[in-house]
> 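There's a structure below that I have some questions on.
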Amino acid sequence: PAGTIFAVTFTNKASDEMAERLEHQVGAVAREVWISTFHALGAEVVRREASHVAAGERFVVYDAADTLGVVKEILRELKIPNKSMDAGAILARISHAKNALIDVDKMPVESDYDEVAVKAYPRYTAAMKRLNALDFAALILVPLRLMREVQDVRERWHAMVRHLLVDEFQDTSIAQLLFVQALAGPRREVFCVGDDDQSIYGWRGAEVK
């Protein structure tokens, strides 16, 4: 059944194009197929399973500008002058660690930026929890945790996701790979398309290996 087929890619534009092409080929039934970005699917899992999430239905999704504002506030708390350190570079280190499932005590410290990122990471986590906010990394990590820890959530999604297709697989992070495996469940009905020569997102946690 079309409603049991899920397809994920990395941009809204790409997912819209996939949906249009599929409908052109097979007709209106294509609208029953779930086609979206990884993060939109993660957000849907969180919405449907809100009773198992700390923020509940009150959670909000923070985009890059929102999360950058949180990091800037943390830098002020750490008494780091506004112009002495790029908040975006700190946020990038935190996001990379989250996407690669690296705990704060395992984060590499090779520069002043790394040192500040290690200090900022737990404050960032606490701030996001206080704000009932999820960043893009959390839209993968929270559903992954639910799949692993809550049996009825796991069984519900395994029943829904009979076939899972992944586009641009070379750009997946460790967290996204584990999310794919968790969604697929024991059937492992997964089809991936990727090209290791086109992997360009290592800076945000993509792991071509």
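Everything numeric here is computed off the predicted structure, so don't read it as measured data.
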> For A7 and M18, work out which heavy atoms get closest and say how close.
CB-CE, 3.9 Å

> Please step through side chain to side chain contact (heavy atoms under 4.5 Å, CB included) for the pair F191 and H163, ending with a clear verdict.
CA-CA 8 Å; F191 185 90; H163 301 278; over 6 Å; no

> For a 4.5 angstrom cut-off between non-hydrogen side-chain atoms, does M160 reach R48?
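SC-SC contact between M160 and R48 confirmed.
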
> I would like to know whether E149 and R154 meet salt bridge (Lys or Arg N to Asp or Glu O under 4.0 Å); could you show each step before the answer?
CA-CA 8 Å; E149 298 178 2; R154 183 167 58 250; over 6 Å; no

> Looking at CG of L146 and CD of E49, how far apart are the two atoms once the value is rounded to the nearest 0.5 Å?
7.0 Å

> Could you see if I35 belongs to whatever hydrophobic cluster contains V193? Use Ile, Leu, Val, Met, Phe, Trp, Tyr and a side-chain cutoff under 4.5 Å.
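Yes; tracing contacts between hydrophobic side chains, which count when under 4.5 Å, links both residues.
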
> So, taking the atom named CD1 in I94 and the one named OG1 in T125, what distance separates them when rounded to the nearest 0.5 Å?
7.5 Å

> Side-chain contact test, heavy atoms from C-beta onward, threshold under 4.5 Å: evaluate it for D152 versus V150 and give yes or no.
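Counting from C-beta outward, D152 and V150 do come under 4.5 Å.
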
> Do the side chains of H39 and Q176 get nearer than 4.5 Å, heavy atoms only?
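Touching, per the 4.5 Å side-chain cut-off.
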
> Do you know which two heavy atoms are closest between V53 and V46, and how far apart they sit?
CG2-CG1, 4.0 Å

> Is there side-chain contact between L131 and V70, with at least one heavy-atom pair below 4.5 Å?
yes

> Between D103 (side chain) and D105 (backbone), is there a donor-acceptor pair under 3.5 Å?
no

> Are I102 and I174 packed together at the side-chain level, in the sense that at least one heavy-atom pair is separated by less than 4.5 angstrom?
no

> Does the pair F10 and T37 meet the rule for a side chain to side chain contact (heavy atoms under 4.5 Å, CB included), with working shown?
CA-CA 5 Å; F10 285 83; T37 64; over 6 Å; no

> So which atom in L101 and which in L141 form the shortest heavy-atom distance, rounded to 0.1 Å?
CD2-CD2, 3.2 Å

> Would you say L134 and V153 are hydrophobically clustered, going by side-chain heavy atoms of ILVMFWY under 4.5 Å?
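Yes, same cluster.
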
> Does L139 reach the side chain of F38, with side-chain heavy atoms less than 4.5 Å apart?
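L139 does not reach F38 side chain to side chain.
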
> Measuring from atom CG of L78 to atom CE of M85, what distance do you get when rounded to the nearest 0.5 angstrom?
10.5 Å

> Please find the pair of heavy atoms, one from N99 and one from A137, that lie closest to each other, and give the distance.
OD1-CB, 3.7 Å

> For R21, look at atom CZ and say whether over 12 heavy atoms of other residues, nucleotides or ligands are found less than 6.0 Å away.
no

> Using side-chain heavy atoms (C-beta onward) and a distance below 4.5 Å, is T172 in contact with F179?
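With C-beta onward as the side chain, the pair stays apart.
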
> Show the numbers, then the answer: is there a side chain to side chain contact (heavy atoms under 4.5 Å, CB included) between R31 and L22?
CA-CA 9 Å; R31 298 172 193 167; L22 189 61; over 6 Å; no

> Please name the pair of heavy atoms, one in Q170 and one in D195, separated by the smallest distance, quoted to 0.1 Å.
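The answer is OE1-N, 2.9 Å.
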
> How long is the gap from NZ on K72 to OG1 on T67, to the nearest 0.5 Å?
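Between atom NZ of K72 and atom OG1 of T67 there are 10.5 Å.
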
> Quick check for you: to the nearest 0.5 Å, what is the distance between C192 atom SG and L164 atom CG?
7.5 Å

> Please report the closest heavy-atom contact between Y113 and S84, naming both atoms and the distance.
OH-O, 4.4 Å

> Same cluster or not: are V33 and V8 linked, directly or through other Ile, Leu, Val, Met, Phe, Trp or Tyr residues, by side-chain heavy atoms under 4.5 angstrom apart?
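Cluster IDs for V33 and V8 differ.
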
> Can L165 be reached from V180 by stepping across I, L, V, M, F, W or Y side chains whose heavy atoms are under 4.5 Å apart?
no

> Once you round to the nearest 0.5 Å, how far does CG of L177 lie from CD1 of I140?
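These two atoms lie 11.5 Å from each other.
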
> Can a donor-acceptor pair be found, under 3.5 Å and without considering hydrogens, that links the side chain of R187 to the backbone of V161?
yes

> Can you pull the side chain to side chain donor-acceptor pair (under 3.5 Å) pairs that have at least one residue in residues 10-20, sequence neighbours excluded?
none

> Test Y124 against K98 for side chain to side chain contact (heavy atoms under 4.5 Å, CB included), laying out the working first.
CA-CA 12 Å; Y124 176 83; K98 293 179 73 172; 4.1 Å; yes

> Checking H96 side chain against L91 main chain: does a donor-acceptor pair fall under 3.5 Å?
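It does not hold such a pair.
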
> When you measure from the side chain of R93 to the backbone of A89, do you find a donor-acceptor pair of N or O atoms at a distance under 3.5 Å?
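Yes; judged by distance alone, with no hydrogens or angles, the pair exists.
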
> Give the ring-plane orientation class for W157 versus F6, where under 30° counts as parallel, over 60° as perpendicular and anything between as tilted.
perpendicular

> Any non-hydrogen side-chain atom of V109 less than 4.5 Å from a side-chain atom of V118?
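Side chain of V109 against side chain of V118, heavy atoms only: contact under 4.5 Å found.
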
> Does CZ belonging to R162 count more than 12 external heavy atoms closer than 6.0 Å?
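For R162, atom CZ is not crowded (no more than 12 foreign heavy atoms under 6.0 Å).
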
